[in-house]
Amino acid sequence: MSKLILAVPSKGRLQENVQAFFGRAGLNFVQSGGARDYRGAIADVPDVEVAYLSASDIAGQIASGAAHLGVTGEDLIRETIPDAEARVKLLLPLGFGYANVVVAVPKAWIDVSSMADLDDVAEDMRRRHGRRLRVATKYVNLTRGFFAWKKASDTRAAGGVSNYRIVESVGATEGAPAAGSADIIVDITTTGATLSANGLKVLDDGIMLKSQAQLVASLGADWSEEARNAVRTILTRIAAEARARGVREVRALIDTRVERLIVELGARFDARAPFGPPQPGQPLTLHAPKRAVFDLVGALSAAGAGSITVSTLEDVFEPSPPLVEELFRSLV
Ligand SMILES: Nc1ncnc2c1ncn2[C@@H]1O[C@H](COP(=O)(O)OP(=O)(O)OP(=O)(O)O)[C@@H](O)[C@H]1O
Ligand SMILES: O=P(O)(O)OC[C@H]1O[C@H](OP(=O)(O)OP(=O)(O)O)[C@H](O)[C@@H]1O
Ligand SMILES: [Mg+2]
């Protein structure tokens, strides 16, 4: 019997958000031992082992199949797993951990603002000084891919950045140009404060990836019966919470031709009547996308509704949530 391994960040900027995200879905982590125990469980969901790891280790464990399910940054997934499409399934973007992976050069390079300009600089260095442009980064694979892609898609015959070499950097990458160990960098940024403090600027077309935290599943893990049941429970709760966040419940007392009205409101506002037409004298219950709520209220008023209430919901359980179905389809 093999449990579902759920890998979550043990530290860093994603950790708190991840705990809160699972908490909202009614999935509460319990640590089995003391705070130094890096394994845990989820209260009331059997057959789950929670593994507390660093954000970059999570990408590796999902790739290898050591973990079934995890949360980490898309930047780390794309960097660590070259054939990501074949090995992992990105299930849900989580709306936190936003950051861009960017190409940044010294602000002092005033006439360099695009990748094409950068290529000119690189070419110049090679011709005049016989050396290659040095790029400090920990995103080695993403950088190689982006620089080659730029080359392929550039309309100029000699476009792209070809004459460069990567200087691997594990920390304080932004300091590399000032320290003289590289000419430019590729790194992750959110506010841009660190780049700015180091006298660097992002190239206009230098955004390589817009990243955020993702819920990901491993396609290569051992998907035992227990693991499948556990993931179904977890994803069903997550889907119910996510669905609830996007809709509002609208209730209104309507006395005429409710069936036709339901069809019409469905077409106009994507509103649904999860419990069908009400008994006479009872209010109609609709679920509608948050953004359509006030238009829907207007339409209900126009149709003669008396009082109308709008409420938020905690969870909306659907018979077979797409999140669950999609994962099971790709596991086969
Ligand atoms: N401003 C940011 N800088 C860096 N990472 C960010 C930022 N905002 C969100 N992230 C996301 O958080 C992930 C993990 O970053 P974090 O700094 O929390 O990990 P870490 O604890 O530093 O890990 P490691 O020790 O392996 O570097 C990043 O890969 C990225 O997806
Ligand atoms: O654009 P900003 O908002 O300034 O954020 C970007 C900085 O934050 C991250 O470092 P972090 O604080 O995670 O430290 P680390 O290098 O130890 O991971 C990242 O590596 C950048 O250095
Ligand atoms: Mg960090």
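Given the structure is predicted, the values throughout are model-derived calculations rather than measurements. Every number for a ligand or one of its atoms is a count from 1 in the order of the listing.
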Do Arg232's NZ or CZ and the ring of Phe328 fall within the cation-pi criteria of under 6.0 Å and 45°?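 Because its charged atom sits under 6.0 Å from the ring centre and within 45° of the axis, Arg232 does stack over Phe328.
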Just which atoms of ligand 1 are under 4.0 Å from any heavy atom in [X]?
X: Gly97; answer: 9 (C)
X: Ala55; answer: 14 (C)
X: Ile188; answer: 3 (N), 4 (C), 5 (N), 30 (C)
X: Leu14; answer: 12 (O), 13 (C)
X: Ala99; answer: 7 (C), 8 (N), 9 (C)
X: Gly12; answer: 18 (O), 21 (O)
X: Leu76; answer: 29 (O)

side-chain contact (heavy atoms from CB on, under 4.5 Å), paired with Phe22, selected from Asn17, Val71, Val50, Asn28: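 Testing each of Asn17, Val71, Val50, Asn28 against Phe22, the sole residue satisfying side-chain contact (heavy atoms from CB on, under 4.5 Å) is Val71.
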From Asp120, Leu133, Asn163, residue fulfilling side-chain contact (heavy atoms from CB on, under 4.5 Å) relative to Met125: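 So the option named by the test is Leu133.
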For His68 and Ala217, indicate whether the former's side chain and the latter's backbone hold a donor-acceptor pair under 3.5 Å.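 Between the backbone of Ala217 and the side chain of His68 there is no qualifying donor-acceptor contact (under 3.5 Å).
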Side-chain (Trp223) to main-chain (Ser218) donor-acceptor, under 3.5 angstrom: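 Yes; at least one donor-acceptor contact below 3.5 Å.
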For ligand 2, note which part of Ile188 has a heavy atom under 4.0 Å away: side chain, backbone, both or neither.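 It is both parts that get close, each with some atom under 4.0 Å.
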Using the side chain to side chain contact (heavy atoms under 4.5 Å, CB included) criterion, which residues pair with Val30? Sequence neighbours excluded.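 So Val30 forms a side chain to side chain contact (heavy atoms under 4.5 Å, CB included) with Ala41, Ala43.
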Regarding ligand 1, does Thr190 bring an N or O atom to under 3.5 Å of one of the ligand's N or O atoms?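 Indeed, backbone or side chain, Thr190 has an N or O that close.
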Are any of the N or O atoms of Thr189 closer than 3.5 Å to those of ligand 1?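 Such a contact does not occur with ligand 1.
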Going by heavy-atom distance to atom 26 (O) of ligand 1, choose the closest among Ser211, Gly73, Ser56.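 Residue with the shortest heavy-atom distance to the ligand atom: Ser56.
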Quick one: which of Lys11, Glu79, Gln15 has a heavy atom closest to atom 21 (O) of ligand 1?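 Among Lys11, Glu79, Gln15, the closest heavy atom to atom 21 (O) of ligand 1 belongs to Lys11.
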Flag for Lys290-Thr312: side-chain donor and acceptor within less than 3.5 Å: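 No pair is found: no donor N or O on one side chain lies under 3.5 Å from an acceptor on the other.
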Should Gly192 be listed as contacting ligand 2, given a heavy-atom distance under 4.0 Å as the test?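 In this structure, Gly192 qualifies as a contact of ligand 2 - some heavy atom is under 4.0 Å.
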Distance (rounded to the nearest 0.5 Å) between Asp187 CG and Thr173 OG1: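 With rounding to 0.5 Å, CG (Asp187) is 4.5 Å from OG1 (Thr173).
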Find the distance between CZ (Arg272) and CD (Glu318) and round it off to the nearest 0.5 Å.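 Here the interatomic distance stands at 6.0 Å.
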Would the number of heavy atoms belonging to other residues, nucleotides or ligands and lying under 6.0 Å from CZ of Phe317 be above 12?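 Yes - once you tally the heavy atoms of other residues, nucleotides and ligands closer than 6.0 Å, there are more than 12.
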Which atoms from ligand 2 have a heavy atom of Glu174 less than 4.0 Å away?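 Contacts of ligand 2 toward Glu174, numbered from 1: 21 (C), 22 (O).
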Which ligand 2 atoms does Thr194 reach within 4.0 Å, using its non-hydrogen atoms?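 Near Thr194, the atoms of ligand 2 are 2 (P), 4 (O), 5 (O), 6 (C), 7 (C), 22 (O).
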Is ligand 1 less than 4.0 angstrom away from at least one heavy atom of Phe96?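 Phe96: no contact with ligand 1 (<4.0 Å).
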